[in-house]
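Lettering follows sequence order; numbering is per chain, from 1. Treat the numbers as computed from the prediction; the structure is a model and nothing was measured.
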Number of protein chains: 2
Amino acid sequence: MAGKVGIKDVARQAGVSVGTVSNVINNPELVSDDTRIRVRAAIERLGYVRSDTARQLRAGQSRIVAMLVLDLANPFFAEVAKGAERALRDADLGVMVCNSAGSTSEESEYLSLFAEQRVRGVLVTPADTSGRAVETLRSRGIPFVLVDRSLPADQGCSVSIDDVLGGSMAVRHLLSAGHRRIAYVGGPMHLAQVRDRYAGGLEAVREAGLGDDAFLPLDSDRLDVSAGRDAGARLLGLAPRPTAVFCANDLLALGVLQSLYAAGVRVPHDIALVGYDDIEFAAAAAVPLTSVRQPAARIGRTAAELLLQETDGAEAAHTHQRIVLQPELVVRDSSRAAASAPASNT
Amino acid sequence: MAGKVGIKDVARQAGVSVGTVSNVINNPELVSDDTRIRVRAAIERLGYVRSDTARQLRAGQSRIVAMLVLDLANPFFAEVAKGAERALRDADLGVMVCNSAGSTSEESEYLSLFAEQRVRGVLVTPADTSGRAVETLRSRGIPFVLVDRSLPADQGCSVSIDDVLGGSMAVRHLLSAGHRRIAYVGGPMHLAQVRDRYAGGLEAVREAGLGDDAFLPLDSDRLDVSAGRDAGARLLGLAPRPTAVFCANDLLALGVLQSLYAAGVRVPHDIALVGYDDIEFAAAAAVPLTSVRQPAARIGRTAAELLLQETDGAEAAHTHQRIVLQPELVVRDSSRAAASAPASNT
DNA sequence: TGAACGCAATGAAACGTTTCAATTTCGTGT
DNA sequence: ACACGAAATTGAAACGTTTCATTGCGTTCA
């Protein structure tokens with residue numbers, strides 16, 4: 001029955017003009033008690049639902065904020081999304097969560113969709129490192145905030161974690177446990193996160209006076225558990241086997257852990273393992289995982305607030321901000337010195 | 001520069017009428033090559049982006065499908081969402097993934113948002129068991145498909161798993177291992193999934209000629225890891241301690257596992273554990289988790305296809321379908337007859 | 001040569017709101 | 001009783017598309 005009830009049906013039913021109905025909805029204080037009650041009743045009776053579509057057309061922008069993440073199945077991003085959602089809901093905005101799956105083509109497809117939808121703004125973790133995503137958004141005049149990726153403050157807002165620092169913390173931790181041959185398992189290198197964490201690790205290695213070959217990159221094409229399993233298998237085939245592995249995220253680490261276990265390689269006794277993100281499952285893993293913790297929900301919330309500030313705020317008065325949060329190393333069994341020197345045994 | 005470029009700007013620039021520009025975009029074959037090229041060039045030059053808002057207003061419906069899940073942070077739903085997203089993208093529709101967090105009030109808030117947005121359709125896992133969600137959608141004339149929840153075929157489409165069967169499979173498995181005192185850890189009982197899985201377990205217990213008290217429900221208020229930890233703690237305080245636990249989902253099971261471990265209770269030696277969903281992390285847990293597997297991505301894809309059929313299809317010709325998929329028990333260490341040190345697994 | 005036709009292109013209506021200037025109604029003070 | 005300002009209501013324009021009945025024009029056929 002519903003679906004075709006418009007504001008003018010309500011107006012007729014209540015015996016007033018459309019303008020008055022609109023006012024009852026948006027500026028109740030301008031309408032007399034009498035009329036307001038009558039209109040409200042008509043709305044109720046007819047089951048009228050305002051068309052946000054038409055409202056948006058007039059207003060020029062929608063009440064939806066888009067969020068584009070690298071992997072919806074990664075609990076880290078799910079947590080970021082939850083944080084953002086909460087903040088945006090308080091501002092009466094809907095969130096459209098989408099998944100670029102790390103693909104630049106899907107990313108640009110979604111960005112086009114967002115542009116056509118005239119979304120209020122976009123929270124995005126770019127899959128493309130070349131800045132094309134940012135460029136696209138800027139040229140289309142869509143407000144955005146980069147999530148989990150940094151940007152010079154004059155180019156736009158961003159909320160990120162210092163990934164270089166995170167990488168160096170992880171590797172420094174392994175070095176101090178005596179490891180001298182560390183592998184880095186990381187997804188496609190065009191992802192900034194993957195590169196930065198690698199860079200941080202390399203920095204730590206050099207700092208320790210070791211050659212770059214002490215930190216061996218092992219490319220993986222995705223950042224999920226099954227890619228981790230593949231990497232684990234390749235790891236076992238390496239000539240002088242690394243004694244420690246640092247993974248670009250926890251999903252990879254869990255995959256690596258599974259492969260190693262299946263092959264009878266013990267963690268941390270034979271190989272130490274460190275992940276990244278500290279997702280909830282890291283602590284519950286077969287061997288509780290040492291990981292670099294990122295304050296996921298806070299990242300999401302902060303990004304959402306920045307976006308709100310930019311769109312709602314004093315318009316031209318907004319100045320972009322680059323917010324960089326600090327990661328934190330959480331040490332668990334997977335990298336704890338197994339009471340013996342892991343250097344060169346067997 | 002962009003943002004305010006409309007179809008009429010393009011028309012002026014190309015020296016044609018707005019109708020022609022519209023045709024170039026939507027019915028290129030109606031326009032002469034000459035004009036088409038000229039218009040395309042103008043579009044390019046001006047950076048014109050079609051306003052889907054206006055287009056929708058005219059068409060009466062949008063190109064967005066909403067998806068409302070119980071918990072975005074649960075990898076099971078993330079997987080379902082991915083499956084649905086893929087199918088809908090192929091149909092050139094955007095997906096708006098939202099999180100009711102199992103709350104009926106958030107659920108109805110979102111349903112209102114969807115109605116105002118005039119979304120094309122909704123994929124929903126209702127938090128409300130009373131059918132109010134379905135009633136709301138139907139009364140507003142919004143096409144929908146129930147996900148992970150069944151519905152009589154005359155009431156609408158649904159794609160679900162036989163949760164009663166799943167519950168009975170899990171409990172039968174535990175009974176056959178000799179357990180006679182089994183606890184059930186389940187989220188809010190108003191969730192159909194939680195009740196059905198319980199019902200299945202009860203069925204198995206009765207079938208074995210045991211009293212209902214052999215299957216002890218332990219209420220948890222949410223379905224996540226931390227609720228599982230709480231439940232684990234309560235579990236340990238029970239007078240005659242259960243020898244096995246069946247959890248309504250894997251997150252709870254992982255939480256229970258953590259509590260038990262922390263208290264020095266061994267799994268499966270002291271207490272056997274079975275989860276539900278078989279999320280990717282179940283296999284990687286401290287003790288690999290026995291679980292009831294649900295084909296998550298397939299559920300999502302199927303639901304999306306059903307929705308497409310209902311909205312695009314031969315309109316009135318569509319008949320609702322109730323699709324019920326079968327779950328599958330995956331046995332791992334957490335419930336294996338103890339007796340000896342468990343071997344490795346996959 | 002004129003009629004009939006088909007293809008391109010046009011221009012205005014319609015979609016459902018919000019906004020705002022104009023109008024009506026009301027209450028009050030003189 | 002009158003005028004005046006405030007309060008309430010109205011009606012139409014505008015938002016950016018799509019759709020569709022028309023118009024304009026060049027071809028073909030008789």
Side-chain angles (χ1 to χ4, degrees), chain A residues 2-40 42-43 46-64 92 113 115-120 140-141, chain B residues 2-40 42-43 46-64 112-113 115-120 140-141:
Chain A
K4 13 185 63 271
V5 186
I7 204 175
K8 60 183 62 147
D9 299 300
V10 175
R12 195 173 327 119
Q13 168 80 218
V16 298
S17 73
V18 293
T20 302
V21 176
S22 177
N23 277 334
V24 168
I25 298 173
N26 304 295
N27 307 89
E29 72 280 4
L30 295 183
V31 180
S32 71
D33 295 358
D34 210 30
T35 313
R36 190 168 348 116
I37 289 170
R38 199 147 32 92
V39 171
R40 289 241 166 89
I43 288 179
L46 269 50
Y48 165 73
V49 176
R50 169 174 65 192
S51 160
D52 213 49
T53 305
R55 189 234 241 299
Q56 288 169 200
L57 177 56
R58 188 92 217 315
Q61 62 173 2
S62 86
R63 281 168 53 223
I64 294 191
D92 198 33
L113 176 66
E116 291 197 356
Q117 297 291 335
R118 300 286 194 271
V119 297
R120 179 74 66 94
R140 287 180 178 154
Chain B
K4 17 184 59 268
V5 185
I7 204 174
K8 61 182 63 143
D9 298 301
V10 175
R12 196 173 327 118
Q13 169 81 216
V16 298
S17 72
V18 293
T20 300
V21 175
S22 176
N23 278 334
V24 168
I25 298 173
N26 304 296
N27 306 89
E29 72 280 6
L30 295 183
V31 180
S32 72
D33 295 358
D34 209 30
T35 314
R36 190 168 348 117
I37 290 170
R38 201 148 29 94
V39 171
R40 289 239 166 92
I43 288 180
L46 268 50
Y48 165 72
V49 176
R50 168 174 66 192
S51 161
D52 213 50
T53 305
R55 190 234 241 300
Q56 287 167 202
L57 177 56
R58 188 88 211 326
Q61 64 173 1
S62 86
R63 280 168 53 223
I64 294 192
S112 296
L113 177 66
E116 290 197 358
Q117 296 291 335
R118 300 286 194 271
V119 297
R120 178 75 65 93
R140 288 181 178 153

*Mapping A:R50 and B:V31 onto DNA chain C by nearest heavy atom, which one lands closer to the 5' end?*
B:V31
*Scan B:T53 against the nucleic acid and name what it touches under 4.0 Å (heavy atoms): base, sugar-phosphate only, or nothing.*
nothing
*Whole angstrom is fine here: how far is it from CD in B:E116 over to P in C:dC15?*
20 Å
*What residues form a side-chain contact (heavy atoms from CB on, under 4.5 Å) with B:R40, not counting sequence neighbours?*
B:V24, B:P28, B:R36
_Run the side-chain contact (heavy atoms from CB on, under 4.5 Å) test against A:L30 and tell me which residues pass, sequence neighbours left out._
A:N23, A:N27
*Whole angstrom is fine here: how far is it from CG in B:D9 over to C1' in D:dG16?*
10 Å
*Starting at atom NZ of A:K8, determine the distance to atom C1' of C:dT18, rounded to an integer number of angstrom.*
13 Å
*Send over the distance from B:D34 CG to C:dC7 P, rounded to a whole Å.*
18 Å
*Between B:V21 and B:K8, is any pair of side-chain heavy atoms under 4.5 Å apart?*
no
*Whole-Å gap separating C1' (D:dG16) and CG (B:N26)*: 13 Å
*Give one of base, sugar-phosphate or nothing for A:D52, where a contact means two heavy atoms less than 4.0 Å apart.*
nothing
*Are the side chain of B:R38 and the backbone N or O of B:A14 linked by a donor-acceptor pair below 3.5 Å?*
yes
*Measure from CD on A:Q56 to C1' on D:dG16 and round the result to the nearest Å.*
13 Å
*Can you tell me which residue pairs pass the salt bridge (charged side-chain N to carboxylate O under 4.0 Å, His left out) test with a partner in residues 52-62 of chain B, sequence neighbours excluded?*
B:D52-B:R55, B:D52-B:R63
*Would you indicate which nucleotide in D:dT17, D:dT9, C:dT17 comes nearest to any side-chain atom of B:R55?*
D:dT17
*Less than 4.5 Å apart, any side-chain heavy atom of A:V39 and any of A:V16?*
yes
_Among C:dT17, D:dT17, D:dT18, the one nearest A:R118 by side-chain distance_ = D:dT17
*Measuring from B:Q56:CD to A:T53:OG1, what's the distance to the nearest 0.5 Å?*
5.0 Å
*asked:* How many whole angstroms separate atom CD1 of B:I7 from atom C1' of C:dG11?
replied: 13 Å
*Whole Å only: how far is the CG atom of B:L57 from the P atom of D:dA14?*
17 Å
_Between the first and last five pairs of the helix from C:dT1-D:dA30 to C:dT30-D:dA1, the angle of the axes, rounded to 10 degrees_ = 60°
*Scan residues 12-24 of chain A against DNA chain D and write down, sorted by residue number, each residue with any heavy atom closer than 4.0 Å; if none is found, say none.*
A:V16, A:S17, A:G19, A:T20
*Any A:T35 side-chain N or O less than 4.0 Å from OP1/OP2 of D:dT9*: yes
_Inter-residue atom distance B:Q61.CD - B:Q117.CD, 0.5 Å rounding_ = 14.0 Å
*Given D:dG16, is OP1 or OP2 found less than 4.0 Å from the side-chain N or O atoms of A:R58?*
no
_side chain to side chain contact (heavy atoms under 4.5 Å, CB included), paired with A:I43, selected from A:V5, A:D9, A:V10, A:I7_ = A:V10
*Using side-chain contact (heavy atoms from CB on, under 4.5 Å) as the criterion, list what pairs up with B:S17, not counting sequence neighbours.*
B:T20
